[in-house]
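Have a look at the structure below before the remarks.
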Protein chains: 2
Amino acid sequence: MTMSNTGGRRKPPTIHDVAREAGVSRGTVSRVLNGGHYVSPAAAEAVNAAIRRTGYVVNRHARSLITGRSDSVGFLLTEPQERFFEDPNFNVLLRGCTQALAAHDVPLLLMLAGTDDERRRITRYITAGHVDGVLLVSSHSGDPVAEELRAAGVPLVACGKPIGLGSKVSYVAADDRDGARDMVRHLLGLGRRRIGVVTGPLDTPGGVERLAGYREVLAEAGVEEDERLIVSGDYSRASGESAAERLLGRAPDVDAVFVASDLMAQGVLAALQRAGRRVPEDVAVGGFDDSPAAVAVSPALTTIRQPWDRISAEMVRVLLAQIGGEETAAVILPTELVKRASA
Amino acid sequence: MTMSNTGGRRKPPTIHDVAREAGVSRGTVSRVLNGGHYVSPAAAEAVNAAIRRTGYVVNRHARSLITGRSDSVGFLLTEPQERFFEDPNFNVLLRGCTQALAAHDVPLLLMLAGTDDERRRITRYITAGHVDGVLLVSSHSGDPVAEELRAAGVPLVACGKPIGLGSKVSYVAADDRDGARDMVRHLLGLGRRRIGVVTGPLDTPGGVERLAGYREVLAEAGVEEDERLIVSGDYSRASGESAAERLLGRAPDVDAVFVASDLMAQGVLAALQRAGRRVPEDVAVGGFDDSPAAVAVSPALTTIRQPWDRISAEMVRVLLAQIGGEETAAVILPTELVKRASA
DNA sequence: CTGAAAGCGCTTACAG
DNA sequence: CTGAAAGCGCTTACAG
């Protein structure tokens with residue numbers, strides 16, 4: 001009575017069918033499948049033809065059982081999920097990784113570890129060898145997952161420098177500090193001298209590094225640092241809004257703000273507008289990310305572009321290399337200043 | 001010299017180790033693993049203790065090889081990816097599905113089929129049995145993937161009604177038509193009579209159904225239909241903006257607009273503002289989705305909430321049931337009017 | 001270059 | 001209720 005499987009998933013052809021069809025042994029078929037070494041051209045051709053005729057597709061489970069590899073990788077998100085799922089960068093990263101992996105015929109398993117319970121289950125799953133490696137997105141320090149996986153010897157590449165783990169874990173990151181420097185120099189170049197900053201969380205590399213870049217440039221330029229100009233947010237739009245209110249209260253003479261994310265900059269813009277300040281005339285605003293939010297907003301945001309497509313491609317490259325036995329590596333990619341209307 | 005794998009992935013314990021540890025046969029261990037039927041309480045307890053002591057985790061590849069199931073499902077996106085990756089609903093859906101699946105210990109493979117080439121490869125991968133079923137996100141008609149997978153007998157649940165496939169494919173959808181009716185009734189209740197509509201693409205169920213709801217309510221209310229009040233977009237912000245410009249040109253006396261997505265409504269708001277119309281005083285605007293954009297915008301959008309958390313949960317439930325042998329099913333979930341400032 | 005054979009770790013009738 | 005055994009589809013030394 002079951003209609004759902006009408007159409008029927010008939011038993012797919014195996015290596016045995018291909019061997020019979022090609023008139024060779026199964027070993028030879030397998031050799032063709034695995035690179036074609038030690039196979040005569042004639043045999044290889046016969047096998048390839050047989051594969052085409054039969055529509056053969058390798059059974060990955062059988063292969064994995066014997067090789068001990070899964071030929072798949074995990075994309076692990078350990079953020080409290082709400083926030084990062086709202087971050088447009090996440091989509092770009094996830095899509096880029098999926099595509100880069102697909103080019104190598106490697107499936108991506110999406111894993112969410114928001115709660116301790118999920119974390120335990122996923123760590124267990126990963127260390128049991130069900131994926132060959134992990135792309136890790138987790139910017140907060142104190143996240144135990146990275147350390148657990150590293151200790152278990154699981155190939156691992158983090159997005160952004162994992163605070164506390166130094167270079168024991170591979171990572172790919174944009175040059176946050178340099179991007180911040182570029183933006184603050186740009187604001188100085190506009191003649192602004194009372195430049196505020198809305199930082200990200202200071203337990204994330206982006207939070208720390210972008211603030212560091214801000215300080216460096218001001219020091220170089222001989223502009224005296226003023227703690228009242230430094231406020232923190234958590235990368236959310238709402239936190240940008242309240243940070244800007246604090247900033248305005250503490251330093252009403254502020255004439256520019258470098259905001260560590262476009263999402264927060266959206267909030268800053270709203271607060272500035274409500275306070276009757278014109279952007280960029282009264283206060284210039286610079287963001288960070290070049291996310292879709294940067295152009296959705298009015299005035300459009302001058303911001304720092306992070307090379308997300310390159311980041312995802314590099315993460316995949318480094319992970320695959322590490323799975324292949326190479327050592328860990330850190331890759332730092334340059335950012336780019338994108339000038340629009342807000343500064 | 002390789003540092004990457006220090007820490008070492010030692011060979012994990014197998015069912016054989018557990019059997020030895022528990023003093024039973026491997027068959028008995030397997031029976032405990034698979035539901036504990038036909039196992040004495042004493043044996044079950046010994047096995048569970050041995051599993052705990054050894055830290056045993058089942059090797060899914062070995063299991064899959066023999067059962068013919070993969071115990072994993074694919075999440076397949078066939079949209080031209082750019083658009084949907086910008087859609088905030090996508091994140092909610094993806095997260096919900098991942099979590100619902102994780103609760104059943106079923107990994108989710110993310111699959112992107114934006115190009116014909118990717119489509120072919122993925123179809124092949126799926127029909128080869130590498131996943132047990134597919135959660136399909138593809139709203140445009142004429143998408144061949146759904147039909148191919150259905151024909152191959154792959155368990156399949158679509159998000160939204162797949163146009164053209166009728167009920168031969170399971171799907172879960174919000175009640176688009178009813179949601180549209182609620183919104184238009186609300187606008188009528190505000191005293192508006194020149195109500196425009198910005199539809200979605202008319203080869204998507206959301207495009208068709210939301211327009212149908214609009215027409216039904218106007219007809220019921222005895223308001224004469226006016227083709228000049230009907231314009232189409234493609235769910236993007238930009239298309240909303242240009243649709244609103246067209247609408248304003250064709251029907252300058254418009255006093256309300258029902259927009260088929262919040263993202264488009266953002267664009268409509270921008271166009272209205274530029275044209276000097278106040279919202280909601282001159283023109284009331286109603287959106288659809290209750291996405292983050294709805295509250296990010298000013299004035300905050302009155303909109304129709306789609307129950308995305310329920311949608312993802314139901315998609316997973318129906319897919320798992322279908323993998324278990326049940327017939328196809330369609331699930332329609334109610335929407336909810338969320339009143340804010342724009343209407 | 002090629003075939004025969006062992007074996008990866010599991011599940012599932014089959015006897016008992 | 002339980003054990004012994006076959007077998008899922010593949011890869012990989014091992015002989016030749």
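Worth knowing before you read on, the calculation uses all heavy atoms, side chains too, and leaves out hydrogens, waters and symmetry mates. Please read all numbers here as calculations on a predicted model, not as lab measurements. Here is how names work: the chains are called A, B, and so on, in the same order as the sequence lines, proteins then strands, and each is numbered from 1.
- Residue Ser40(A) places none of its side-chain N or O atoms closer than 4.0 Å to OP1 or OP2 of dC1(C).
- The distance between atom CD1 of Ile66(A) and atom C1' of dT12(D), rounded to the nearest whole Å, is 6 Å.
- With Ser30(A) contributing its side chain and Arg26(A) its backbone, the two residues share no donor-acceptor pair below 3.5 Å.
- Applying the 4.0 Å criterion to OP1 and OP2 of dT11(D), one finds that Asn34(A) has a side-chain N or O inside that range.
- Distance OG/Ser70(B) to CG/Leu109(B): 7.0 Å, rounded to 0.5 Å.
- For dC8(C), neither phosphate oxygen OP1 nor OP2 lies less than 4.0 angstrom from any side-chain nitrogen or oxygen of Thr67(A).
- Along DNA chain D, the nucleotide nearest to Thr28(B) and the one nearest to Thr28(A) differ in position, and the one closer to the 5' end is contacted by Thr28(B).
- For Arg60(A) and dG9(D), a side-chain-to-base donor-acceptor distance below 3.5 Å is absent, hydrogens and geometry of angles not being considered.
- Candidate nucleotides dT2(D), dC1(C), dG9(C) were compared by shortest atom distance to the side chain of Ala62(B), and dG9(C) ranks first.
- The side-chain heavy atoms of Arg63(A) and Asn59(A), taken from C-beta on, include no pair separated by under 4.5 Å.
- In the set dG9(D), dC10(D), dG3(C), dG9(D) carries the atom at the smallest distance from any side-chain atom of Leu65(B).
- Between His61(A) and His130(B), the ring-plane angle classifies as perpendicular under the 30° and 60° cut-offs.
- Dashed line: the shortest gap from a side-chain N or O of Ser30(B) to OP1 or OP2 of dT11(C) is under 4.0 Å.
- For dG9(C), neither phosphate oxygen OP1 nor OP2 lies less than 4.0 angstrom from any side-chain nitrogen or oxygen of Thr14(B).
- Ion pairing between a basic and an acidic side chain is recognised when a charged N comes within 4.0 Å of a carboxylate O; Glu118(B) and Arg121(B) show no such pairing.
- For the pair Arg69(A) and His61(A), both in contact range of DNA chain D, the more 5′-proximal nearest nucleotide belongs to His61(A).
- Rounded to a whole Å, the CG atom of Asn59(B) is 6 Å from the C1' atom of dG9(C).
- Searching all strands for a Watson-Crick or G-U wobble partner of dC1(D) with both distances below 3.5 Å returns dG16(C).
- Dashed line: the shortest gap from a side-chain N or O of Tyr56(A) to OP1 or OP2 of dC10(D) is under 4.0 Å.
- Atom CZ of Arg26(B) is separated from atom P of dA13(C) by 17 Å (rounded to the nearest Å).
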